[in-house]
Amino acid sequence: MIAGIENIEKEISSVLKKYEILDNIEIRYSNLNNVDLQCNNLVKYSNNINLSSIKTDLISLIKENQLIESIEINEKNFINMNFSNQYFFEYSQSIAERIKHTQNYSIIFDYGGPNIGKDLHVGHIRTLNIGRSLYNIYKLAGNKVVSDIHFGDWGMPVAQIIAYIEHNNLDLEMLDYEDLETIYPKANQLSSENKDFYNTAKSIAMQLNSKNENYTKKWETVYNLAIPNIKTLLDKLRHKFDWYFGESDVVNETDLVVSKAIDEKRVKKDDGALISTQEVDPPILITKSDGSYLYLTTDLGTVLFRENKSSFDKYIYVVDSRQENHFKQLFTTVKHFGLSNSDFFHVGFGTINGSDNKPFKTRDGGVYKLNLLFEDIKEKLKKYNSDDQVLNTLTNTVLTYSDLLPNRNQNYIFDVDKFTDINGKTGIYIQYAQVRARKLLDSSTKPGSYNINYEINSEERNLLLLITKFDYFFNLSLINMEPHHLAEYLFNLSQAFNSFYTNNKIFSDKIPIETQINRIKIVEEFFKTISLVFNCLGIEAAESM
RNA sequence: GCUCUCGUAGCUCAAAUGGAUAGAGCAACAGACUUCUAAUCUGUAGGUUGUAGGUUCGAGUCCUACCGAGAGCGCCA
């Protein structure tokens with residue numbers, strides 16, 4: 001989607017129609033230097049007998065178009081065009097307005113998914129960043145969006161914690177959050193080693209489901225210990241959700257899903273467990289042999305819970321790619337059980353690795369907690385600034401931008417030194433460009449408006465061209481649910497601005513006033529655009545650096 | 001064994017869903033500060049896109065086979 005070219009496509013189409021060429025005409029940005037747009041439709045008609053008159057007709061028609069400065073059809077029959085200055089002045093403005101009505105769906109985003117007992121760690125970065133970014137992008141496109149954090153606050157993990165506390169006669173009331181963090185890994189390990197302990201935990205999980213008073217009370221204590229802590233860290237990382245529901249909120253719905261499936265004979269017994277009647281390999285397990293619930297069961301209950309709360313056109317789950325099979329099973333079962341008619345998407349992503357290309361750990365091989373990573377990055381950034389607020393913003397920028405830059409399908413290597421450098425494709429580089437523009441605008445008293453007779457130079461042209469390309473990259477990210485297109489664009493935009501900035505002075509007696517006014521207007525449109533991209537990616541702009 | 005993701009410059013990554021001469025950033029080399037902050041900018045060099053076929057005007061992109069890396073595969077989440 002390129003802003004403002006629909007009429008040019010129509011014009012080309014009308015010419016080709018006269019010669020009985022009925023192709024769907026597509027104009028695209030060109031990779032070539034010195035060519036803005038290209039149209040490839042004519043290439044395959046090299047043997048058409050009317051070719052030379054087609055060319056003549058096309059050139060004479062397009063030459064009339066005010067948005068196009070030049071058109072050329074080369075020997076291979078590529079149609080090459082360049083934008084006029086008028087195009088840049090017209091389409092570098094009102095970008096946010098243009099994208100506002102791209103879509104109109106009601107969408108729920110399920111991402112984050114922190115678990116009780118496990119502090120947020122490196123593994124949570126991608127779901128949080130990609131989720132927040134897609135939420136923002138879809139919102140800006142005009143959709144009605146809801147985000148739900150989907151806490152992992154139920155089932156075996158929390159039952160294991162309670163079992164461990166009982167097993168070791170710990171006083172639940174005396175525990176603090178740090179204790180909880182050390183308990184869960186131990187409880188989890190014990191559960192896999194000790195059959196009796198495992199059975200105890202499983203029994204607690206079942207009793208929680210049947211609302212046993214004693215365990216519900218203990219669960220509440222654990223919950224109230226863990227959740228505020230998670231929320232505090234999320235706040236520090238600038239993550240907000242519309243809904244903070246968790247697995248614990250959907251217990252009734254999960255019961256309903258299972259009993260309804262039994263009534264409707266959509267499940268059958270298999271070694272005591274319930275499996276879906278869908279003929280798939282492997283079979284889809286709905287409940288364990290003792291009747292207790294699984295990850296999938298709870299997710300089915302969550303769908304019913306959400307259906308009861310509101311109506312969504314799309315469900316988007318931002319969860320790592322390793323769970324692809326789980327989501328395939330979930331989506332097919334949702335349809336099989338008749339729980340929802342909506343479209344379901346799993347947005348997967350790869351793992352974050354260390355420089356050894358193995359999962360990212362601390363130096364001594366432990367789990368890299370997000371809080372610690374935040375502080376480690378912040379420490380590296382102190383060379384740029386001493387203001388704590390600014391440092392927090394920059395730290396969050398590094399955590400976000402570095403993560404959104406690679407294609408989400410791939411694993412990537414988290415290199416703290418590289419990501420905190422001001423040179424290169426980094427969060428610090430883009431913030432610096434933004435701060436430079438901000439300072440120019442702050443010190444400007446000139447009104448911002450274009451003089452369309454102004455002849456632009458190459459740096460100004462590059463910057464304006466990139467600004468008008470926003471729509472294209474926005475749509476690429478939107479349609480593919482891939483924020484990296486906008487992240488890459490953000491770097492190129494910043495780079496074009498820095499080049500413009502270095503080579504074009506504004507506030508100087510030597511610069512004509514008319515040039516000053518036009519340049520300030522360009523800076524203004526750049527600033528509006530980069531702010532919009534920041535918004536899309538979930539990056540907060542630094543006030544100063 | 002089956003399924004999924006991936007393989008692009010020394011390193012880290014893009015590449016418009018099939019378009020022209022495959023682009024950036026690091027690192028390397030060579031330049032630019034009396035400045036709206038050089039925290040930047042401007043150049044140079046770097047490639048048989050894992051291998052072999054195929055499809056067509058045209059393939060990093062689609063198809064087939066093979067090689068290599070990572071991940072998942074019934075009662076954890």
Side-chain angles (χ1 to χ4, degrees), chain A residues 1-2 26 28-33 35 38 40 43-47 74 76-78 80 113 115 118 152 154-157 160 188 191-192 198 202 247 270-275 281-299 320-326 328-329 348-351 353 355 357-359 383-385 405-407 409-413 415 418 421-426 428-429 431-433 435-436 439-440 442-444 459 472-473 475-476 479-480 484-485 487-488 491-492 495 498-508 511 519 523 545:
Chain A
M1 184 192 274
I2 300 175
E26 189 207 1
R28 51 199 288 159
Y29 288 123
S30 178
N31 282 326
L32 296 179
N33 291 334
V35 177
Q38 68 184 55
N40 306 332
V43 174
K44 58 182 169 184
Y45 296 102
S46 301
N47 296 324
N74 71 5
K76 287 178 180 167
N77 300 312
F78 285 97
N80 294 336
N115 296 315
K118 278 192 279 184
W154 202 249
M156 278 304 272
Q160 285 170 355
N188 189 254
S191 186
S192 64
Y198 170 79
K202 204 157 83 154
E247 296 174 326
D270 187 276
D271 292 336
L274 280 182
I275 61 167
D281 184 41
I284 300 172
L285 196 60
I286 306 297
T287 67
K288 299 185 208 176
S289 47
D290 64 358
S292 60
Y293 297 155
L294 292 145
Y295 183 27
L296 181 72
T297 332
T298 309
D299 271 0
D320 79 272
S321 300
R322 288 175 296 196
Q323 299 189 31
E324 194 183 323
N325 283 337
H326 166 73
K328 275 187 181 154
Q329 291 194 334
F349 51 83
T351 56
N353 295 340
S355 49
N357 217 2
K358 300 239 169 74
K383 61 186 169 191
Y384 298 119
N385 211 290
L405 194 54
N407 183 326
N409 293 309
Q410 295 213 70
N411 301 344
Y412 79 94
I413 294 172
D415 184 334
K418 184 175 142 187
D421 200 334
I422 193 162
N423 290 303
K425 288 186 185 179
T426 69
I428 309 301
Y429 181 89
Q431 284 281 11
Y432 184 55
V435 166
R436 278 178 141 179
K439 283 198 75 175
L440 285 180
D442 283 350
S443 55
S444 163
E459 286 97 14
Y472 173 75
F473 292 100
N475 274 283
L476 217 49
I479 291 161
N480 298 309
H484 79 271
H485 301 285
E488 184 83 18
F491 175 78
N492 291 326
Q495 200 179 39
N498 274 332
S499 181
F500 160 84
Y501 179 93
T502 315
N503 295 300
N504 298 281
K505 293 284 169 284
I506 299 178
F507 304 122
S508 160
I511 309 292
R519 284 186 181 159
V523 174
M545 262 180 80

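Just so it is clear, the values below take in all heavy atoms, side chains as well, and ignore hydrogens, waters and symmetry mates. Residue numbers start from 1 in every chain, and the chains themselves are labelled A, B, ... in the order their sequence lines are given, proteins ahead of strands.
The separation of U48(B) from G10(B), taken at their P atoms, amounts to 8 Å, rounded to a whole angstrom. Nucleotides G53(B) and A14(B) have their P atoms positioned 29 Å apart, rounded to a whole Å. A gap of 24 Å separates the C1' atoms of C11(B) and A39(B), to the nearest Å. Nucleotides G43(B) and C26(B) have their P atoms positioned 14 Å apart, rounded to a whole Å. Spacing between C41(B) and U56(B) at atom P, rounded to whole Å, works out to 47 Å. Between the C1' atoms of A45(B) and G7(B), the separation comes to 25 Å (whole Å).
Using a 4.0 Å heavy-atom cutoff across all strands shown, P157(A) reaches sugar-phosphate atoms only and no base atom. In this structure, E247(A) reaches the sugar-phosphate backbone alone: every heavy-atom distance under 4.0 Å involves primed, P, OP1 or OP2 atoms, never a base. Nucleic acid contact class of Y429(A) (heavy atoms, under 4.0 Å, all strands): sugar-phosphate only. Using a 4.0 Å heavy-atom cutoff across all strands shown, G424(A) reaches sugar-phosphate atoms only and no base atom. I413(A) comes within contact range of the sugar-phosphate backbone alone, with a heavy-atom separation under 4.0 Å but no base atom that close. Using a 4.0 Å heavy-atom criterion, one finds that K76(A) contacts the sugar-phosphate atoms exclusively. Across all strands shown, N411(A) has heavy atoms under 4.0 Å from sugar-phosphate atoms exclusively, and none from any base. Contacts of N475(A) with the nucleic acid, taken as non-hydrogen atoms under 4.0 Å apart, are absent. Among the protein residues, E26(A) comes within range of the sugar-phosphate backbone only, with heavy atoms under 4.0 Å from sugar or phosphate atoms but none that close to a base.
You'll find that the side chain of N423(A) is closest to A39(B), out of A39(B), G19(B), A24(B). For K439(A), taking side-chain heavy atoms from C-beta onward, the closest of the listed nucleotides C73(B), C41(B), U37(B) is U37(B). Taking only side-chain atoms of N115(A), from C-beta outward, the nucleotide of C41(B), U12(B), A77(B) with the closest atom is A77(B). Taking the side chain of S30(A) as heavy atoms from C-beta on, and the options A20(B), U40(B), A14(B), the nearest nucleotide is A20(B). Relative to the side chain of R436(A), the nucleotides U37(B), C41(B), A20(B) differ in distance, and U37(B) lies closest. Side chain of R28(A), nearest nucleotide from A16(B), G74(B), A39(B): A16(B). Closest approach to the K418(A) side chain among C13(B), A16(B), U12(B) is made by U12(B) (side chain taken as heavy atoms from C-beta onward). Set against G74(B), C41(B), C36(B), the side chain of S499(A) has C41(B) as its closest nucleotide. Across C26(B), G25(B), A16(B), the shortest atom-to-atom separation from the side chain of K425(A) is found for G25(B). Comparing A77(B), A24(B), U37(B) by their closest approach to the side chain of L294(A) singles out A77(B).
Using a 4.0 Å cut-off, some side-chain N or O of Y501(A) falls inside it from OP1 or OP2 of U37(B). At C57(B), none of the side-chain N or O atoms of Y45(A) fall inside 4.0 Å of OP1 or OP2 (strictly under the cut-off). At least one side-chain nitrogen or oxygen of H485(A) sits closer than 4.0 Å to the OP1 or OP2 atom of A15(B). Taking only side-chain nitrogens and oxygens, H326(A) never comes nearer than 4.0 Å to OP1 or OP2 of C73(B).
Separating the CD atom of Q495(A) from the C1' atom of A24(B) is a distance of 8 Å, rounded to the nearest angstrom. We find that OH of Y412(A) is positioned 10 Å from P of C13(B), with the value rounded to whole Å. In this structure, L405(A) places its CG atom 8 Å from P of A14(B), rounding to the nearest Å. One atom, CG of D320(A), and another, P of C76(B), lie 19 Å apart when rounded to the nearest Å. In this entry the distance linking CG of N385(A) with P of A39(B) reads 14 Å, nearest Å. Nucleotide G19(B) holds its P atom 13 Å from the CG atom of L32(A), rounded to whole Å. Atom CD in Q329(A) sits about 14 Å away from atom C1' in A77(B), given to the nearest Å. When rounded to the nearest whole Å, the span between CG of L476(A) and C1' of A14(B) equals 12 Å.
Counting heavy atoms from C-beta outward, I286(A) and L296(A) have side chains that approach closer than 4.5 Å. Residues M545(A) and I422(A) are in side-chain contact: their nearest non-hydrogen atoms beyond the backbone lie under 4.5 Å apart. Under the 4.5 Å side-chain criterion, counting only non-hydrogen atoms from C-beta, I413(A) is not in contact with K418(A).
Atom CG of N475(A) is separated from atom CD1 of I2(A) by 11.0 Å, given to the nearest 0.5 angstrom. The distance from the OG1 atom of T351(A) to the OH atom of Y412(A) is 10.0 Å, given to the nearest 0.5 Å.
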Report task. Using a 3.5 Å limit on both pairing distances, list the dot-bracket string of RNA chain B from the 5' end; Watson-Crick and G-U wobble pairs count, crossing pairs take [ ], interstrand pairs take |. Result -> (((((((..((((.....[...)))).(((((.......))))).....(((((..]....))))))))))))....

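Under 3.5 Å, the side chains of Q160(A) and S191(A) contain a donor-acceptor pair of N or O atoms. Side chains of S46(A) and N77(A): a donor-acceptor N/O pair is present below 3.5 angstrom, by distance only.
Aromatic ring orientation, Y295(A) versus H326(A): parallel (interplanar angle below 30°, classes split at 30° and 60°).
Residue whose closest nucleotide on RNA chain B sits further toward the 5' end, between G155(A) and Y29(A): Y29(A). Both H484(A) and Y293(A) sit near RNA chain B, but only H484(A) has its closest nucleotide nearer the 5' end.
A donor-acceptor pair under 3.5 Å links the side-chain atoms of T426(A) to the main chain of D421(A), judged by distance alone. Listed for the S321(A) side chain is a donor-acceptor partner under 3.5 Å among the backbone atoms of F349(A).
At a cut-off of 3.5 angstrom, the base of A16(B) holds at least one donor-acceptor pair with the side chain of N31(A). Between the side chain of N74(A) and the base of A20(B), a donor-acceptor pair under 3.5 Å is found.
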Query - Criterion side chain to side chain contact (heavy atoms under 4.5 Å, CB included) on N498(A) and Q495(A), from CA distance to verdict - result: CA-CA 5 Å; N498(A) 274 332; Q495(A) 200 179 39; 5.8 Å; no

Query - Derivation of the side chain to side chain contact (heavy atoms under 4.5 Å, CB included) call for E459(A) and T502(A) - result: CA-CA 10 Å; E459(A) 286 97 14; T502(A) 315; over 6 Å; no

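Contact record, A273(A) with T287(A): CB-O, 3.2 Å, taken as the closest heavy-atom pair.
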Identify all pairs in which a protein N or O lies below 3.5 Å from an N or O of nucleotides 1-10 of chain B, and state each distance.
{"from": "C4(B)", "atom 1": "O2'", "to": "E324(A)", "atom 2": "OE1", "distance (Å)": "2.9"}
{"from": "U5(B)", "atom 1": "O2'", "to": "N409(A)", "atom 2": "O", "distance (Å)": "3.3"}

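By the ring pair (Phe, Tyr, Trp, His ring centres under 6.0 Å) test, Y501(A) pairs with F497(A), sequence neighbours left out.
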